Novice: 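Before I ask anything, let me first share the structure, which is written out below as structure tokens.
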Amino acid sequence: MEDFSVLHIEEVFQKVAAKASGLTSEEARERLIAFGPNELPKTEQHSIFYYFFKQFKSVLVIVLVLASILSWITNHKTDAYIILLVIFVDALIGFIQEWKAEQAVSVLQKMLLPQAKVIRDNQQLLVKASELVPGDVIILEEGDHVSADARLIELKHLRAVESSLTGESLPILKTVEALKPASSIGDRKNMVWRGTFISGGYGKAVVIGTGLKTAIGSIASSLSAIKAEPSHFQKKINKLATQMGLASVVAATILFIVGYFTLDMPINDLFLLAVAVMVSIIPEGLPSIIAIVLAIGSRRMTKRNAIVREFTATETLGAVTTIITDKTGTLTENALTVRRIFLYGQPEVEVSGEGWIPIGSFQQSEAIIEASNNSVLKKLLLIAALCNNSSVRHKPAENTYELVGDPTEGALHVLSKKSGIDINVITIKKIDDLPFDSILKLRASVVKIGSSRELFAIGAPERILSRCKNVLTESRIELIDDVMQNKIKQKINSWSLDAMRVLGLAYKETSTSEIQEDELKQFTFVGIVGMIDPPREEVKEAVKRCKEAGIRVIMATGDHISTAVAIASAVGIINHKEKDVMALSEEQLMVLDEKEFEEAIKSVNVFARLNPETKLHIASRLQKMGELIAMTGDGVNDALALKKADVGIAMGIMGTDVARASAKVVLADDNFASIVSAIEEGRIVFMNARQASFYLITTNFAEISTLIVTIAFGLPMPLTAIQILWLNLVTDGIGDMALAAERGHGEVLQVKPLKKDEKIINRSILPFLGINVGIMTALAIAAYVYFLPFGVEHARSSVFVVMAFTQLFNMYNMRSLNKSILEIGIFSNIYVTITMVSSAIMTISIINIPFFQEIFGFKTISYIHLMILILMSSLVLFGGEVYKYFKSHVLYSHQLTRLP
Ligand SMILES: Nc1ncnc2c1ncn2[C@@H]1O[C@H](COP(=O)(O)OP(=O)(O)OP(=O)(O)O)[C@@H](O)[C@H]1O
Ligand SMILES: [Cu+]
């Protein structure tokens, strides 16, 4: 690959036929055709056939193929064909399930496609990263992923983390100068590489390589790829399935050996009996049902604005015990508007106007004022306008205003626009900019005004104040004394108590052109502004639902403690009575010893002026105390915490690429309420996985106990192997998918969180399973014994009807483990209704249509008898209902505290 780092910028432009003002969209389109999309080959992409043939790679299939061969040899040719057909149908069902799950993944993947900021047609645009072409001029800012290899042409303090390429984890400070030839990529400091990210500063670069023609091209591993590792729950289910599979082999072998010596049966019949026992125990559908439940759950979460990047998160969400959330944007609207301005020695200034619309007026003592007539206000507005990286775009078509950049800065930008002050672009120029730093809690700019230079700073007001020596008043610059300090601090505090975000603005004269950290002191204080950021309407309800669900909500914010408390009580994170004890700031936390710290994080729900590391510290300590943490974040500094949390949740709108790549879940709307919806879906996933598993397992138990009882009495087999196969795979297979689509019934958020290692089968569910299996077995045996005098095929037909219909009724039992079918609505799951009708028709057809009778070995059952058998089968539903009633009214008449 050519080394662009040794070339001068002009030479680079020449080589890639580009210029600093970017390509036109026409050029970009042509180049996209010529160079191809900026994509790396996906690591794992399988064809439709892969998923189909994958279905045949199971122990069950091997067992069935063996059975089929043996049936053929022993002259049971129809059986042999049927078994082959069943293998095929089973593979088909499994295939559909997995294919659907896979589709769900790829839909999610598309939603998370990376984007890039690029200059085309002299405008800054957001395009799909896959559409970048050589020659494009891209813009890089803190938190962005670099989507192509590019040569830098302009920058301000640009730092990039290139560990994915070079292994070096510290940020690299970039340059634009042409360099001496260097062999290592890490040394080519005037380049940025695909797959790395920007940890700070600002830069412009021209793309020199895309797709495979990038440094990472060969070592491709896409950061945005969704990982589909088996979840905790899947592992457990697989283990259960394997155990039952092994048990089936053992049971069948024992039966075969014992039967050989004791039963007077031809060897091939005995063999078929052994196969029947085996298939009745193997829980065929179990592993794939969990995949489908997870896929459905992830899709529902996505519809509710929580995009799942890792399937395991779907299930972990259900067990979350503590949410640590940001304030700005998550709990609040993130539509900041400056309302008040305080200038020392003057009456408060009130500002009118809404949102990002740059129209509004300034009032002092209820009279409208002109900003240009007030020198201190003018200075403040100049700082607000220039120490700023945001802009507001007017969309004439819809007549709306759209923010580009950080909302806090956007509010200041809008403020300066409202005043109408005129910034002379010829005499006033920005020469350096330090973007907002979450540790310093301020931002700064060096601005050239005429022949002098000034350093502007905006940030957390008490931090700005502590860096000030003077204060600007209408007439002059005065030294700050204690009286002034206190007066300003009082203002900061009282505005914060009104839930306002308060910022301090200051300036000083300077001689440097590059901002150094140790220069950020001895400022002249100009004023403070107070902006409102109203809490989101739906958050209060969401917080309430969390509390009901036994989930603790902690606010961890960088904002002022009083603002934090005001918002926290507005949304119900703390109640009014607790106000004083329930909030701590970073400084207050720092002085605590280990034990006090632990006590504090146990009871305090609001943490203010936090640094990102402290946020991580709080989270990991809570994890050690056994909590399962969901944590939100948006910045580069949050990446580590997002990775460490059990479920990291990144902001989709305000979050950086890095935060999104580190999180398991991305919020499409940045809204706290969506987290709660996701938790609800997570719990539903768990419920559905259990319900569907129980449903599958009941048939297995009912079949095996019917077999055992009849064999014990020396009766012929009550069901043949292929009849069992049909019940297990077709009847159960469809019913199971219907149960996987069950929606919650409002109960999941009214109980305590699930335990991390929640068992699938626990003791409290055993009576319910026992009742179901007991009724099914008793009915099957009764039908068998009653019809046996009419011939064994007749008797088997009746057992088959009972098994099929008890399972269909049982489907209604399993729709909720504790609520009555009347409460949740008989028809509220359309899939269950469809399954009921279609399965009933199918069952009756294969019993009474001669062609199928022949194949399956059935005899016609009269409609009267059918009716009676079906009515009897419905007993299983009555049994379930009586049990649920008994359990909720007699055993646990108090409220449910855990999921059943
Ligand atoms: N762009 C900015 N420019 C100047 N000062 C800022 C800017 N953004 C935030 N601040 C100041 O720094 C403080 C901390 O901001 P930070 O971004 O760390 O947290 P936050 O956005 O308030 O909270 P959260 O963590 O809830 O999103 C703010 O209260 C504000 O005073
Ligand atoms: Cu935030």
Side-chain angles (χ1 to χ4, degrees), residues 60 63-64 67 240-286 693-729 731-732 761 765-789 792-807 810 857 869 872-873 875-876 879:
L60 174 74
V63 171
L64 291 178
L240 180 68
T242 315
Q243 283 167 347
M244 288 177 74
L246 281 177
S248 78
V249 176
V250 173
T253 315
I254 292 174
L255 179 75
F256 190 79
I257 295 169
V258 174
Y260 183 79
F261 293 108
T262 59
L263 296 175
D264 186 20
M265 232 195 232
I267 190 125
N268 50 359
D269 284 1
L270 189 61
F271 175 76
L272 284 176
L273 179 63
V275 171
V277 167
M278 190 149 47
V279 291
S280 68
I281 301 177
I282 299 176
E284 295 82 5
L286 215 45
S693 312
F694 294 156
Y695 175 72
L696 282 177
I697 295 170
T698 37
T699 328
N700 296 77
F701 282 129
E703 283 162 356
I704 193 66
S705 40
T706 310
L707 279 172
I708 289 172
V709 172
T710 49
I711 293 168
F713 283 95
L715 300 169
M717 274 196 290
L719 287 167
T720 66
I722 58 169
Q723 290 164 0
I724 292 174
L725 275 174
W726 181 274
L727 286 173
N728 284 10
L729 295 173
T731 317
D732 278 6
I761 299 190
I765 200 65
L766 284 178
F768 189 48
L769 289 184
I771 288 170
N772 291 332
V773 171
I775 295 178
M776 285 170 81
T777 312
L779 290 176
I781 291 170
Y784 187 63
V785 173
Y786 179 81
F787 281 97
L788 203 50
V792 72
E793 286 175 329
H794 225 108
R796 280 180 188 152
S797 306
S798 68
V799 171
F800 187 85
V801 171
V802 167
M803 280 291 173
F805 278 91
T806 45
Q807 260 311 64
N810 199 22
L869 288 173
M872 274 168 57
S873 303
L875 272 179
V876 80

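This structure is a prediction, so every number in the text was calculated from the model and none was measured.
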Novice: Check Pro718 against Leu707 and note the closest heavy-atom contact, atom names and distance.
Specialist: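 Nearest heavy atoms, Pro718 then Leu707: CD-CD2, 3.6 Å.
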
Novice: To check you understand the geometry: which heavy-atom pair defines the closest contact between Ala274 and Ala252, and what is its length?
Specialist: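 Of all heavy-atom pairs spanning Ala274 and Ala252, the closest is O-CB, 3.4 Å.
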
Novice: Please list, chain by chain and in numerical order, all residues satisfying side chain to side chain contact (heavy atoms under 4.5 Å, CB included) with Val785, sequence neighbours excluded.
Specialist: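 Here the qualifying residues are Ile781.
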
Novice: With Thr698 as reference, evaluate Asp732, Asn772, Asn810 under the side chain to side chain donor-acceptor pair (under 3.5 Å) test and give the passing residue.
Specialist: Asn810

Novice: Show your reasoning for whether side chain to side chain contact (heavy atoms under 4.5 Å, CB included) applies to Leu769 and Ile697.
Specialist: CA-CA 9 Å; Leu769 289 184; Ile697 295 170; 5.5 Å; no

Novice: Which pair of heavy atoms, one from Met776 and one from Ala702, lies closest together, and at what distance?
Specialist: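 Closest heavy-atom pair between Met776 and Ala702: CB-CB, 3.8 Å.
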
Novice: Quick one: which of Val709, Thr777, Val773, Ile281 gives a side chain to side chain contact (heavy atoms under 4.5 Å, CB included) with Ile704?
Specialist: Ile281

Novice: Keeping to residues at least two apart or across chains, list the side-chain hydrogen bond (donor to acceptor under 3.5 Å, both in side chains) pairs with something in residues 792-806.
Specialist: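 Of all non-adjacent pairs touching residues 792-806, those that pass side-chain hydrogen bond (donor to acceptor under 3.5 Å, both in side chains) are Glu793-Lys859.
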
Novice: Keeping the roles fixed (side chain from Glu703, backbone from Val277), state whether a donor-acceptor pair exists under 3.5 Å.
Specialist: no

Novice: Quick one: does Trp726's side chain get under 4.5 Å of Phe800's, heavy atoms only?
Specialist: yes

Novice: Could you pull out the closest heavy-atom pair between Ala783 and Val802, with the gap in Å?
Specialist: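 Heavy atoms of Ala783 and Val802 come nearest at CB-CG2, 3.9 Å.
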
Novice: Should Thr706 and Tyr784 count as side-chain neighbours, where that means a heavy-atom distance under 4.5 Å?
Specialist: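 When only atoms from C-beta onward are counted, Tyr784 and Thr706 do not touch, as no gap falls below 4.5 Å.
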
Novice: Quiz question: by atom type and distance under 3.5 Å, do the side chains of Gln807 and Thr699 form a donor-acceptor pair?
Specialist: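 Result is yes, a qualifying pair exists.
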
Novice: Please check if atom CZ in Phe256 has more than 12 non-hydrogen atoms from other residues, nucleotides or ligands closer than 6.0 Å.
Specialist: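 Result for CZ/Phe256: enclosed.
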
Novice: Please examine the side chains of Ile765 and Phe694, heavy atoms only from C-beta on, and report whether any two atoms are closer than 4.5 Å.
Specialist: yes

Novice: Side chains of Val876 and Leu779, heavy atoms from C-beta outward: is any pair under 4.5 Å?
Specialist: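 The answer is no, as the side chains (C-beta and beyond) never meet within the 4.5 Å cut-off.
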
Novice: Set out, in order, the CA-CA distance, both residues' side-chain angles and the distance that settles side chain to side chain contact (heavy atoms under 4.5 Å, CB included) for Leu869 and Phe805, then state yes or no.
Specialist: CA-CA 8 Å; Leu869 288 173; Phe805 278 91; over 6 Å; no

